[in-house]
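Every chain is numbered from 1 and lettered A, B, ... according to where its sequence line falls, protein lines coming before strand lines.
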Amino acid sequence: MSNERIALIDVNNFYVSCERVFDPKLVGRPVVVLSNNDGCVVARSQEAKDLGITTGAPFFQVKQFMRSHGMVARSSNYELYGDMSARVMEVLSRFGTWQEVYSIDESFLGVQGTPDQLGELATRIRATVGRSVGVPVCVGVAPTKTLAKFANHVAKHNAHLNGVCSMDSMDPDLIERIQSRVPVTDLWGVGGKTGTKLAGMGISTIADLKCADVTEIRKKFSVVLQRTVLELNGTPCIAHHEERADKQQIMYSRSFSSPVTTLDAMQEVMSIYAQRGASRLMGDGLWATLLTVTAGTSRFASGEASFPSVTLKLPRPTQDPILLTRLASAAMRDIMRPGASYVRGGVVLSGLQPDPGQEAFGIFEDEVSEKHVGDVLGAVKAKFGDKAIGLGSGGLAVEPKWSMKREYSSPKFTTEWAELPVVRA
DNA sequence: TCTGGGGTCCTAGGACCC
DNA sequence: TCTGGGGTCCTAGGACCC
């Protein structure tokens, strides 16, 4: 007997695990990884979770654990995590008939075999990633994506399973017992809002949802939750995407380390963000047709928060940093309120399309020369890095004072020669 | 003092057309 | 004077995910 199954593999506490690979002192201690600006907690080791630290907790509120419990904090090091992710995904790809990389630390794999073979495969996947990359993973195997996510959840929460759970090898009564204990909001695709509404209908556990009436679910919610119910019952209905679908939008948005209050400073922000956005367009081989600029005041300050935002149609499909910078600055000038204290800003490029050919070239000479400047900027950045060259404030060698705070950063261990780890024996 | 960023998918409703 | 109904396309907003 041979069955098509889906495996969902994810790395435990991914960012923390990456940091630990290169700094064994972090093993066994509470560790948190912080968001940009060291603002809040985005990843926690098990020990940090045990201290009651939640995802999204403001760092300043949990900082005291550094002294009281030897907690270690790290600023996020996306170069390191991105590179480690690529290594994990490469190893995983060897085990599946197809692979869908679902997020930086998660992947679906198509697998097949008898129940025994599937269990053995899951164990081998876990061991291989651990040995060749150095990070711990959990593996869930089941007939549908939703159930694979559930199996992974079971693997993660039951230490005796050693990080793997294949539903074909499980006693159906045991599955039933677990599903009638686990809250429905722990299920992939069921968030807080849906959970509240379901609770009102007397559906509070996974088992409850599994035997709900699909027609009624479809009527009261949407096709999304209907699919979840079908998948819970073993009918696969969520498609998988082996190729990363073309991006729908590119967003560059950050909170500032200190508030921006003047038009000049905000235009500096827009100039830099628009150029970062243009670099990404070039990197992905995409042209944008819509540009959105946004800003926001603090949600936590007294008084009314304000989130000005405007979207404009670009005069032609473009990846031109000059054009984008100019339009983003002008748009921001129109929507920002003088005197307001902005803590974040962003640029979103959407309506993305592949090479538009001639359409992208203007008919006027200055547009043609802008295109050339854009090409040169792109080429220099590709060769010497994003910070090597820029327009106006985008070329500042000194970081502006609103730029990101990263007090606890680890080195780019795997992507910069100068920052390779040194081992003494 | 200090509170993330980047995405996807679906639905409803408006504009417009025939 | 009467004032349909179906289709498409676009956008805003909601919900969710990691």
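- In this structure, the aromatic ring of A:Phe300 is positioned over the six-membered ring of the base of B:dT3, centres within 5.5 Å and planes within 30°.
- For the 3.5 Å distance criterion, the side chains of A:Lys49 and A:Asn13 qualify, holding a donor opposite an acceptor.
- Looking at the side chain of A:Phe60, the nearest of the listed nucleotides B:dG4, B:dC2, B:dG7 is B:dC2.
- For the segment residues 327-336 of chain A, the set of residues with a heavy atom within less than 4.0 Å of an atom of DNA chain B is empty.
- A:Lys247 has its NZ atom 9 Å from the P atom of B:dT8, to the nearest Å.
- The separation between A:Tyr78 atom OH and B:dG7 atom P is 12 Å, rounded to whole Å.
- Spacing of P atoms, C:dC18 relative to B:dC2, comes out at 31 Å, to the nearest Å.
- For DNA chain C, the neighbouring residues in residues 188-214 of chain A, judged by any heavy atom under 4.0 Å, are A:Trp188, A:Gly189, A:Val190, A:Gly191, A:Gly192, A:Lys193, A:Thr194.
- A donor-acceptor contact under 3.5 angstrom links the side chains of A:Arg44 and A:Thr55, judged on distance only.
- Residue contacts shown for A:Ile104 are absent, as no nucleic acid heavy atom lies under 4.0 Å away.
- When each of A:Ser253 and A:Gly39 is assigned the nucleotide of DNA chain B bearing its nearest heavy atom, the one mapping closer to the 5' terminus is A:Gly39.
- Here the rule is salt bridge (charged side-chain N to carboxylate O under 4.0 Å, His left out) with A:Glu216, and of A:Arg218, A:Lys219, A:Lys220 only A:Lys220 fits it.
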* Steps toward ring pair (Phe, Tyr, Trp, His ring centres under 6.0 Å) verdict (A:Trp402, A:Tyr342) -> CA-CA 11 Å; A:Trp402 46 264; A:Tyr342 294 101; over 10 Å; no
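- An OP1 or OP2 oxygen of B:dG5 is reached within less than 4.0 angstrom by a side-chain nitrogen or oxygen of A:Ser255.
- Phosphate proximity of B:dT11 to A:Lys220: absent, as no side-chain N or O sits under 4.0 Å from OP1 or OP2.
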May I have the step-by-step check of ring pair (Phe, Tyr, Trp, His ring centres under 6.0 Å) for A:Phe59 and A:Phe65, ending in yes or no?
-> CA-CA 10 Å; A:Phe59 179 47; A:Phe65 288 120; over 10 Å; no
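- Distance, A:Leu352 CG to B:dT8 P: 9 Å, rounded to whole Å.
- Whole-Å rounding puts the A:Arg218 CZ to B:dC10 C1' distance at 10 Å.
- When the side-chain hydrogen bond (donor to acceptor under 3.5 Å, both in side chains) test is applied to A:Arg344, the partners found at least two apart in sequence or on another chain are A:Ser253.
- Put simply, the residue from A:Val33, A:Val135, A:Leu26, A:Val11 that forms a side-chain contact (heavy atoms from CB on, under 4.5 Å) with A:Val16 is A:Val33.
- Between A:Arg29 and A:Glu19, none of the side-chain N atoms (NZ, or NE/NH1/NH2) sits under 4.0 Å from a carboxylate O, so this pair counts as no salt bridge.
- Within the nucleic acid shown, A:Val223 comes within 4.0 Å of sugar-phosphate atoms alone, with no base atom in reach, counting heavy atoms only.
- Salt bridge A:Arg87/A:Asp83: present, at least one basic N to carboxylate O contact under 4.0 Å.
- OP1 or OP2 of B:dC9 has not a single side-chain nitrogen or oxygen of A:Arg227 nearer than 4.0 Å.
- For the 3.5 Å distance criterion, the side chains of A:Thr311 and A:Thr292 qualify, holding a donor opposite an acceptor.
- Distance A:Tyr408 OH to B:dC2 C1': 11 Å, rounded to the nearest Å.
- Evaluation of the side chain to side chain contact (heavy atoms under 4.5 Å, CB included) rule for A:Thr54 yields A:Ala57 as partners, not counting sequence neighbours.
- B:dT11 atom C1' lies 18 Å from atom NZ of A:Lys219, rounded to whole Å.
- Among the nucleotides C:dC18, B:dG5, B:dT3, the one closest to the side chain of A:Cys40 is B:dT3.
- Nucleotides of DNA chain B nearest to A:Pro58 and A:Tyr252 differ in position, and the one nearer the 5' end is that of A:Pro58.
- Using a 4.0 Å heavy-atom distance criterion, A:Asp10 is classed as making no nucleic acid contact.
- Looking at residues two or more places apart in sequence or on another chain, you find a side chain to side chain contact (heavy atoms under 4.5 Å, CB included) between A:Lys210 and A:Gln179, A:Leu232, A:Asn233.
- The side chain of A:Gln248 sits closest to B:dT8 out of B:dG5, C:dC17, B:dT8.
- For the pair A:Lys63 NZ and B:dT1 C1', the interatomic distance rounds to 10 Å; values are reported in whole Å.
- Rounded to an integer number of Å, the gap from CG of A:Leu290 to C1' of C:dA12 is 13 Å.
- OP1 or OP2 of B:dG6 has at least one side-chain nitrogen or oxygen of A:Arg254 nearer than 4.0 Å.
- Five base pairs at each end of the helix from B:dG5-C:dC18 to B:dC18-C:dG5 define two local axes, and these are offset by 10° (rounded to 10°).
- For the C1' atom pair drawn from C:dG4 and B:dC16, the interatomic distance equals 15 Å after rounding to whole Å.
- Across every non-hydrogen atom of A:Thr297 and A:Ala340, the tightest pair is CG2-CB, 4.2 Å.
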